[in-house]
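Here is the structure we will look at, set down as structure tokens.
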Amino acid sequence: MVDRRTVLKGGIAFGSLGLASTVLGQDSTLAVHEFDGGTYPGSNDLGYWAGAGSFENGDGSGAVADGALRLEYDNAGWFASNVTEDVSEYRYLTLRVRGDAGGEESQFRLKVGGVDDLLADLTDDGIGTSYSTVSVDLEAAGADLSNPQAVRMNFWEGSSGAVDVDRIAFSTDPDGGGGGGTTTTAPPTDDPTPTPTDAPDDGTETPDDGTDTPTDSGPGWDLPFPDRPPEPDALPSEITAETTVAELCEHFDDPYYVPRDFLDYMPGENASDSGDEWTDAEKAEEFGYDVEAVRNTVQDGSLTLGDLGSQALPMVQQLAENDFPAHATVKLLPRLALLPDETEDPGTHDEPQNVWAETAGPTAATNDPDQLVQDRWPTDARTYQPDEVRVRDRIHDQPEYDDSREWGSSAPLPDSVLTNEDNPVLDAAADKVHPVTGESVGDGFTANAPMEAEVRIHEQGGAYLNQYIRLTNTSEVPYFQDGAVVWWLGPSGEAANLADGHWNNPHRPSSSLGHPQRDVIEVLHPDYDDLSAYAVRLANHDEPYHMRTIYPNQSVAMEIGTPVSADNWSTSAERQDLVDTMLDSLHVELETDLDRNDDLLDAVDLTYRVPN
């Protein structure tokens, strides 16, 4: 075995990357962005992740020109720049900025260190049409400067316009200092702040309608779940091609944002980044999906199932026969209308150099689980109101809000986790004992919902394998994947690169959308050479639930990169034994009752988050 702290994928030594931060000089200013180099989008001047989306220019990320970032917005757009270090010696956040019209301080929100408000309400400075410094007194605003997490700007305030941002900095004085500052030679390797892929939340107040009851809470974590979805939540007894969205569920827009779920992701408007996929536009044409009818009628709920073509009507009828909730049905309509009859191959994220001939499965869950109907599906929060976002992204955002647990990054995973012989995940995988109840979950592949599993190994070269686990929903109803926990025994990678993991789901507009981050651990099994117990919890964010779903008769696949040589399994019999072991030890636990699977999280110490 190689030293897990020495070698990364491809045999690159940590020490050769120069990852240690180098302070070049300390001034009154800590520059986050000067926009005078080639690192944005991707990283900021401190070496942390930075990016943006949903703007009108620069493919959504804005465009850097002449030393400034131009952000053009039309009631949409987010910018985020991670800052996960102590900046408490600086009191102010300063923006050197100008606007096309002036007065843009009232058109976007600023979020930093837990402070979240319109920029105009955080400063007395205004944005003009010439460059000037806008200063926010973070200390007076009560920001957490010991870990500000990120500087975010959100433009969902109903306005359109453009700003040019020349500089973002923390400063000891409101004028913003004059250059210098602290820089780093390369991005840090341990940046635990979750990285957004779509619009982060803004700070719009959520009206108090009296329905919020904290049914899921802990210290620092209080989720405003409605007690139950608004009644009635049953699909009509008779469903035909003339049945409308409003007839399926009268609450289709409030609080479930079904029109936005359709209109934000219309077929052909979110191009796939893979030429091999069956695109949404192609599916829409094949199935007779009436794009114009959707545009013209979905907002008032008069869109009919017949307008959605050949696929939606029989699927909705099937869901009604299985008592599937109405609110979840209408949330999934944008994808139900594009589901093919045949099972689509989920494909691979990393094209393998070689696929082992030895495979295991597909095998149905041996414990013969009863049909699982998840009868509470969160809102999609397309307007990004904070309380709704915390429900929609309650798993992805948990490290930010849940202060009852210690959260870390898995790069590298601490030895206290990797070598913990008392972690119940070892018995869970090897002996099929549930980590929470201590009871047997059955023999072979098991799950808490009807599904099949198949295991393969993909060789990537350079002493590197991809563990490939494919899951197929064999039920009559969809499952939301958010919060699902998967554990199994697999080849030991000694936690050298747990961030190299992917979730392949062909039922999203492109592979970059609806891709979950993960809580992931590996624990070396003391009783088996070259084997570890793995556990993964899925944590989606931003995109609607129709991209976070495993549909009936459809498959998803998980890939886990593992730096280990295929020579460890040099014969066909050894390879077959490995994949059989992986399948036999595999268990999938979908989330129920919107509990985030917190009991499993705590039982196996699954609090190590990696980005997607």
Residues 440-447, side-chain donor-acceptor partners within the protein, below 3.5 Å, at least two apart:
residue	atom	partner	partner atom	Å
Ser440	OG	Gly442	N	3.1
Thr446	OG1	Lys432	NZ	3.0
Thr446	OG1	His587	ND1	2.7

Are the side chains of [Y] and [X] in contact, using a 4.5 Å heavy-atom criterion?
X	Y	value
Leu590	Gln481	no
Met558	Gln467	no
Thr562	Ile457	no
His515	Trp503	yes
Val564	Asp530	no
Leu594	Pro378	yes
Leu578	Asn568	no
Leu498	Glu522	yes

Please check if the side chain of [X] supplies one atom and the backbone of [Y] the other of a donor-acceptor pair under 3.5 Å.
X	Y	result
Ser585	Met582	yes
Asn44	Tyr48	yes
Asp427	Val433	no
Glu543	Gly514	yes

Heavy-atom pair with the smallest gap, counting every atom of [X] and [Y]:
X	Y	result
Val115	Ala141	CG2-O, 3.5 Å
Leu426	Leu524	CD2-O, 3.8 Å
Ala603	Pro424	O-CG, 3.1 Å
Asp599	Val436	O-CG2, 3.5 Å

In plain terms, say whether [X] and [Y] are close enough for a salt bridge, that is, a side-chain N and a carboxylate O under 4.0 Å apart.
X	Y	result
Arg152	Asp116	no
Asp345	Arg470	yes
Arg537	Asp598	yes

Would you please test Thr348 and His458 for side chain to side chain donor-acceptor pair (under 3.5 Å) and show each step?
CA-CA 10 Å; Thr348 62; His458 296 169; 5.7 Å; no

Which label fits [X] and [Y]: parallel for a plane angle under 30°, tilted from 30 to 60°, or perpendicular past 60°?
X	Y	answer
His525	Tyr528	perpendicular
Tyr40	Phe79	tilted
His396	His541	parallel

From the list Asn473, Ile469, Thr474, side chain to side chain contact (heavy atoms under 4.5 Å, CB included) with Leu471 holds only for Ile469

Side chain to side chain contact (heavy atoms under 4.5 Å, CB included) test vs Asn597 passes for just one of Asp602, Val485, Thr592, namely Val485

- Query: Do Glu358 and Ser572 get their side chains close enough for a donor-acceptor pair, meaning under 3.5 Å?
  - Reply: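 Glu358 vs Ser572: donor-acceptor pair found between side chains.
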
Salt bridge (Lys or Arg N to Asp or Glu O under 4.0 Å) test vs Arg548 passes for just one of Asp380, Asp393, Asp542, namely Asp393

